[in-house]
Amino acid sequence: MAVLSEFSVLSAIMWISCLLFLPLVAGSINSRLLDSILVNLDEDSSACGHYYNHSCGKYNEHHNNGTYFHFNQMLDLQVKQKFVKLMENLHKNSQSPGFNESSVEAKVLRFYTICSASPRNISSLEQYLQLAPPGEGLTWPQFTPSDSKWPQKPFNWLETLGYLHRYGLTNVFLSLEVEPNPLKGSEFRLDLRKPNFEEKSQKLNSFVETLTMLYLMKVPPNEVIPLARKIRNLEESINELVMGIEYIDGELISIEELEKRTGIKFHRLLEQFLGQDVGPGFQVVAQQFEYFSSLKKLMEKQEDHVVASYIMTRFGMYLLEETTVGTESTKANIHEINNIFEKLRNEFLLQVEHNRLELSPRQKRFIVRKAQEVILNIGNIPRADDFRNFASHYYEGLEFPPGPLDYHREHLKLLQFRTQKRVSQIQQRTQIREEYFHLPDPTTAEASFAYYVSYLNIIIVPLGLLQEPFFAPDSDDVFKYSLMGFSLAQLFMNAFDTDGITVDSYGIQQGFKSERFDEALRCMYRNEIEDVDDSLSDNFGLMITYNAYLKNNKNSTHTDFTHLPPEKIFFLNFGQSFCENSKYIFNSEKDQERLQQIVKGFEPFNKAFGCRRDGPQQEKCQVW
Ligand SMILES: *[C@@H]1O[C@H](CO)[C@@H](O)[C@H](O)[C@H]1NC(C)=O
Ligand SMILES: *[C@@H]1O[C@H](CO)[C@@H](O)[C@H](O)[C@H]1NC(C)=O
Ligand SMILES: *[C@@H]1O[C@H](CO)[C@@H](O)[C@H](O)[C@H]1NC(C)=O
Ligand SMILES: *[C@@H]1O[C@H](CO)[C@@H](O)[C@H](O)[C@H]1NC(C)=O
Ligand SMILES: *[C@@H]1O[C@H](CO)[C@@H](O)[C@H](O)[C@H]1NC(C)=O
């Protein structure tokens with residue numbers, strides 16, 4: 001089993017999926033990275049004017065074949081390609097006599113084989129629904145034999161929801177999630193609130209789409225149109241209830257009290273979901289009680305088959321969306337990234353040492369300590385000594401029996417397994433920061449965005465970023481600092497933005513008061529900066545990255561692979577992550593404006609491109 005790295009195995013099994021394969025390009029690393037930047041460049045548009053138009057002006061021309069529209073989506077696609085390659089290697093390995101049939105690698109391969117052999121088409125929804133009925137002893141309405149009535153036994157929408165929550169469904173009629181305690185990030189609880197209708201995956205969308213879903217789920221053709229109207233009306237009524245309700249802080253409340261205040265028998269939902277009895281003292285965090293009281297009245301007026309069909313349609317949509325990705329990683333990557341991160345951290349500590357904010361010794365100690373405690377989790381895996389062992393242990397409860405298997409059944413089993421892992425966080429009393437990793441969420445898994453977990457002071461760098469053109473361990477530092485470095489610095493600064501600065505590494509409020517910090521914020525408001533925290537992490541992040549790069553590259557006026565000065569490459573590569581095909585991306589103006597804000601008035605940028613600084617200068621808001 002020497003061919004596969006431990007990381008590959010672990011990541012593969014965590015983000016199992018069926019994917020396509022396309023070959024990768026060859027060439028020398030630095031020139032390859034440089035070329036990938038230069039093709040996007042529009043030389044006719046001045047870097048000193050609209051920087052996005054300069055650095056990304058030709059992105060549309062070169063990335064227009066419909067596979068992806070944004071830099072990060074391109075990385076996602078590459079991840080999938082590598083994943084498939086990995087599976088091919090694993091398959092070859094499995095043919096050798098020493099292959100351990102009960103190892104975690106065997107499990108990965110088994111699932112992958114089942115899923116690639118299965119016809120991936122949306123008509124298979126019917127099979128899922130047969131396997132996942134609305135409850136024990138129940139079927140979905142359209143599968144009732146013509147000589148009997150639906151339901152055969154009483155239908156209860158709360159029980160059905162609880163039952164489907166086991167597969168990871170949520171946000172239908174209500175949102176029930178396992179969430180960290182915001183006041184103590186090491187604790188997890190069940191969080192109950194109104195549903196959300198903002199994203200495409202959170203509602204029915206167009207009428208045609210609803211008709212298609214019902215048709216795919218084998219609702220009799222003559223019932224499709226009237227049923228579509230009814231379930232859309234139901235969703236509209238829920239949406240109306242939701243609209244008037246404000247977000248408020250949740251309160252820890254017992255089930256007994258919650259049922260008294262809302263009239264909804266939530267224990268039926270929870271017992272189905274958790275698969276165990278829930279006593280009256282069981283606690284959840286709940287909010288928006290008036291929503292639930294109105295929901296109760298609304299649900300009393302509904303016909304069961306409409307409610308069941310609505311839940312079923314949303315479940316079907318969830319199953320169609322449920323695709324995620326995985327990739328491999330190497331020790332060289334991890335070593336290099338940690339190395340850069342330490343340089344950035346030092347640069348920040350140096351600034352704190354200068355104490356521009358005139359912090360008291362106690363405040364300074366707090367900031368220094370928090371900075372030193374930031375954990376970098378590369379690849380979203382727990383910091384265990386033996387990853388293979390960890391993976392074997394983690395997937396102990398997941399078995400794919402020998403013989404021919406039904407993909408739909410095994411897929412549902414995997415979804416259930418993930419939900420159980422999530423729920424088990426509640427029982428696990430305290431979270432050890434070093435062991436933290438984010439349980440992949442089937443509907444929101446993002447392969448190629450790094451993020452900061454504020455309640456535990458951890459930066460997660462997903463596997464999708466450990467690849468070209470985002471990161472190559474053996475490339476020139478100018479590439480490594482300007483993309484990966486900047487990303488890390490930005491996230492690191494989240495620990496010290498207006499929220500971050502008030503809490504410690506476990507998300508516990510510590511309070512923070514600094515007249516100079518407040519003055520810097522007022523300065524930003526005077527400049528009409530929309531998002532102060534973004535601006536803070538963008539600008540300061542760029543500064544520490546650039547300084548760290550200069551300090552660690554004595555010969556920063558010259559590279560051996562191009563005549564272009566390194567400072568220019570630095571800013572071009574940095575700009576690249578903002579590139580997107582604006583014909584397809586709805587929100588592009590905002591990102592372009594953000595890029596513009598970052599480079600505007602940054603002296604090293606002006607110097608690199610020879611931009612003159614005439615005209616009125618914007619007030620410079622320095623924080624740290
Ligand atoms: C940037 O490019 C877009 C698209 O070509 C164009 O519409 C816009 O006017 C340009 N902006 C500036 C400031 O040059
Ligand atoms: C789309 O374009 C990119 C970049 O030019 C290329 O790498 C990729 O292979 C293309 N995909 C298809 C399906 O042609
Ligand atoms: C095969 O893998 C299982 C599970 O990881 C392990 O318990 C067992 O010892 C392995 N067998 C051999 C021969 O390595
Ligand atoms: C689609 O799936 C159905 C049910 O699984 C199967 O009967 C059918 O042959 C599949 N169609 C294609 C084109 O693969
Ligand atoms: C720095 O770059 C110059 C070329 O401009 C080269 O001659 C010199 O060897 C480099 N120095 C180091 C330490 O790499």
Side-chain angles (χ1 to χ4, degrees), residues 1-14 16 37-64 69-71 86 89-113 381-382 384-402 414 417 421 528 530 571-572 574-602 605-606 609-616 618:
M1 283 313 306
V3 174
L4 281 168
S5 77
E6 290 137 356
F7 287 114
S8 339
V9 174
L10 177 72
S11 49
I13 197 162
M14 277 179 158
I16 284 164
I37 304 173
L38 296 182
V39 294
N40 300 334
L41 214 64
D42 181 5
E43 299 277 9
D44 297 338
S45 174
S46 156
C48 304
H50 194 261
Y51 186 56
Y52 180 88
N53 280 10
H54 178 73
S55 64
C56 298
K58 299 228 160 126
Y59 188 82
N60 288 8
E61 270 173 43
H62 295 279
H63 302 264
N64 197 19
F69 306 117
H70 189 277
F71 188 73
L86 192 67
N89 284 340
L90 188 50
H91 179 71
K92 271 194 216 124
N93 258 295
S94 71
Q95 307 298 310
S96 69
F99 188 73
N100 182 345
E101 291 292 344
S102 46
S103 63
V104 66
E105 290 89 344
K107 258 181 219 182
V108 175
L109 187 62
R110 185 101 177 91
F111 187 84
Y112 183 72
T113 315
I381 41 183
D385 292 333
D386 181 350
F387 294 104
R388 191 161 173 276
N389 230 336
F390 173 84
S392 302
H393 184 67
Y394 187 84
Y395 286 99
E396 232 160 36
L398 186 66
E399 294 293 341
F400 303 115
L414 183 70
F417 181 82
K421 285 282 169 193
E528 293 175 3
E530 241 178 74
F571 290 108
L572 288 174
F574 147 83
Q576 200 192 187
S577 64
F578 289 83
C579 292
E580 58 200 8
N581 193 323
S582 46
K583 268 197 287 196
Y584 299 97
I585 303 272
F586 180 62
N587 209 8
S588 61
E589 296 250 317
K590 211 171 150 207
D591 281 345
Q592 297 182 12
E593 189 48 38
R594 189 165 171 182
L595 177 62
Q596 194 63 20
Q597 284 285 349
I598 305 174
V599 295
K600 195 160 70 179
F602 188 57
F605 174 85
N606 289 336
F609 290 96
C611 304
R612 285 184 315 159
R613 301 187 304 144
D614 35 11
Q618 197 173 23

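Bear in mind that the values here come from a model prediction, so they are computed numbers and not experimental data. Every number for a ligand or one of its atoms is a count from 1 in the order of the listing.
- Checking side-chain atoms of Tyr51 against main-chain N and O of Phe571 turns up a donor-acceptor pair under 3.5 Å.
- Protein heavy atoms are absent from the 4.0 Å sphere centred on atom 4 (C) of ligand 1.
- Glu580 contributes no side-chain N or O that, together with a main-chain N or O of Tyr59, makes up a donor-acceptor pair within less than 3.5 Å.
- At the shortest separation from atom 1 (C) of ligand 1 among protein heavy atoms lies Asn53 ND2, 1.4 Å.
- Using a 4.0 Å threshold on non-hydrogen atoms, atom 14 (O) of ligand 1 counts as touching the protein.
- Atom 11 (N) of ligand 1 is approached by the protein to below 4.0 angstrom, counting heavy atoms only.
- Judged purely by atom type and a 3.5 angstrom limit, His54 has no side-chain atom pairing as donor or acceptor with the backbone of Ser46.
- Ring-plane geometry between Phe609 and Phe605 is classed as tilted, the angle between the planes lying from 30 to 60 degrees on a 0 to 90 degree scale.
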